[in-house]
2 protein chains.
Amino acid sequence: MKHQVNSRLNDIVSKIKKMGYSLTPQRLEIIKIVSESKSHPSAVDVYDKLRKAYPMISLNTVYKNLSLLSSIHEVKEIRTLQNSVHYDGDISLHGHAICEKCGRIIDVKIDESDFKGFFDAKIKENFKENYYINNYGLEFYGLCGLCYKETASD
Amino acid sequence: MKHQVNSRLNDIVSKIKKMGYSLTPQRLEIIKIVSESKSHPSAVDVYDKLRKAYPMISLNTVYKNLSLLSSIHEVKEIRTLQNSVHYDGDISLHGHAICEKCGRIIDVKIDESDFKGFFDAKIKENFKENYYINNYGLEFYGLCGLCYKETASD
DNA sequence: ATCTATATAATATTTATTATTATATAATAT
DNA sequence: ATATTATATAATAATAAATATTATATAGAT
Ligand SMILES: [Mn+2]
Ligand SMILES: [Mn+2]
Ligand SMILES: [Zn+2]
Ligand SMILES: [Zn+2]
């Protein structure tokens, strides 16, 4: 719902400002696109959307800003098997189902209690000392609904 | 121990043959290297090791064979944040801790009961119909022991 | 031994990403 | 407001991993 999207946007924007980065129109637009998207776009996908509002935008600028957002942990990078990086504006706890054929990425719900019961336990038993974990990834590779149907009908 | 490594090698070799692929010396050597390695090598890493025995080996051949092994699910591809593909000859159930600074990949133990309790449950509740999962990924991103120490002493 | 299919090697090309540099704009101070 | 400075953007060039192409070599089959 709109309300949540906006608060997410505000969170990112205020973090950007607090950390001393300037808020340019291009940067704001990139933040909007990536935070509102549900489709895990690549840098080029973001670039293509941007060009409507900013026809002169440089792809480099997109990469720079997505890297910035990633470095402050406001977007998550996802790597599919067709080896380009995709960006997720939803940094909440969840996993991904990645289609090995078409590359489509869809969200997989994980709730907090699952996390406590599994990830947290794994971290505790595997990384006792001198190891700092600040992120996790959970992926299910296979065939998405569409590609599954195609394969079945061969 | 040696015995297990050899049976693993035999498994792959017989699968290769059964599927109708020919077993060339180069291919055998690549299978040996990747199935015996514990360090999750990249294609170039494998290439460099190969050159001792086969100075004329082509990098393309390495890529082709690693892709082949991946396609028959006898090696797993791993992507680090520095965006090159690494190969894991150990296809048993386990996760990876990936260092965001140096890219080092180390194994994280998961036992079968954990898997049943978590992955399997997630698969069942998220992918009811028309979705085929044949692989999973579990990663912990952070700083490895060495990089952690470095950062701490800054 | 010959034939045919497949694998390899050498080379060229593609594609995603990063680096460089010049220009423009935002934040800040005057 | 204007000038100053630091940062961001745009245009361009460079890098590096992976893939495609083609010719040669080799494995497996006849
Ligand atoms: Mn997501
Ligand atoms: Mn491993
Ligand atoms: Zn698909
Ligand atoms: Zn490290």
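Residue numbering restarts at 1 for every chain, and letters A, B, ... go by the order of the sequence lines.
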By nearest nucleotide on DNA chain D, pick out whichever of Gly20(A) and Leu59(B) is the more 5' one.
Gly20(A)

Over all strands shown, is Pro55(B) touching base, sugar-phosphate only, or nothing at heavy-atom distances under 4.0 angstrom?
nothing

Quick one: on DNA chain C, does Tyr21(B) or Met56(B) contact a more 5' nucleotide (nearest heavy atom)?
Tyr21(B)

Distance-only donor-acceptor check, side chains Asp107(A) and His40(A), under 3.5 Å
yes

Ring of Tyr141(B), cation from Lys76(A) - is the NZ or CZ under 6.0 Å from the centre and inside 45° of the axis?
no

Can you tell me if His73(A) and Asn134(A) form a side-chain donor-acceptor pair at under 3.5 Å?
no

Chain A contact limits on DNA chain C, taken 5' to 3' with a cut-off of 4.0 angstrom to heavy atoms:
dA16(C) to dA27(C)

Can you tell me which residue pairs pass the salt bridge (charged side-chain N to carboxylate O under 4.0 Å, His left out) test with a partner in residues 14-33 of chain B, sequence neighbours excluded?
Lys15(B)-Glu74(B)

Whole Å only: how far is the CZ atom of Arg51(A) from the P atom of dA11(D)?
10 Å

Would you classify Val85(B) as touching base, sugar-phosphate or nothing, given that sugar-phosphate means primed atoms plus P, OP1 and OP2, and contacts are heavy atoms under 4.0 Å?
sugar-phosphate

When the distance from OH of Tyr47(B) to P of dA18(D) is rounded to whole Å, what number comes out?
14 Å

Does the pair Asn60(A) and Ser58(A) meet the rule for a side-chain hydrogen bond (donor to acceptor under 3.5 Å, both in side chains), with working shown?
CA-CA 5 Å; Asn60(A) 194 340; Ser58(A) 160; 5.3 Å; no

Any donor-acceptor pair under 3.5 Å linking the side chain of Ser67(B) with the backbone of Tyr63(B)?
yes

Between atom CG in Leu68(B) and atom P in dT19(D), what is the gap in whole Å?
14 Å

Assuming nearest nucleotide by heavy-atom distance, tell me which of Ser42(B) and Asn65(A) is located more 5' along DNA chain D.
Asn65(A)

Has Asn10(A) got a side-chain atom pairing as donor or acceptor with Ser7(A)'s backbone, closer than 3.5 angstrom?
no

Starting from Watson-Crick (N1-N3 plus N6-O4 or O6-N4) and G-U wobble pairs under 3.5 Å, report the runs of at least three that DNA chain C belongs to.
C:1-30 with D:1-30

Whole angstrom is fine here: how far is it from CD1 in Ile16(B) over to C1' in dG28(D)?
15 Å

Under 3.5 Å, is there a donor on one side chain and an acceptor on the other for Asp88(A) and His96(A)?
yes

Is the ring pair Tyr132(A)/Tyr148(B) parallel, tilted or perpendicular, if the boundaries are 30 and 60 degrees?
parallel

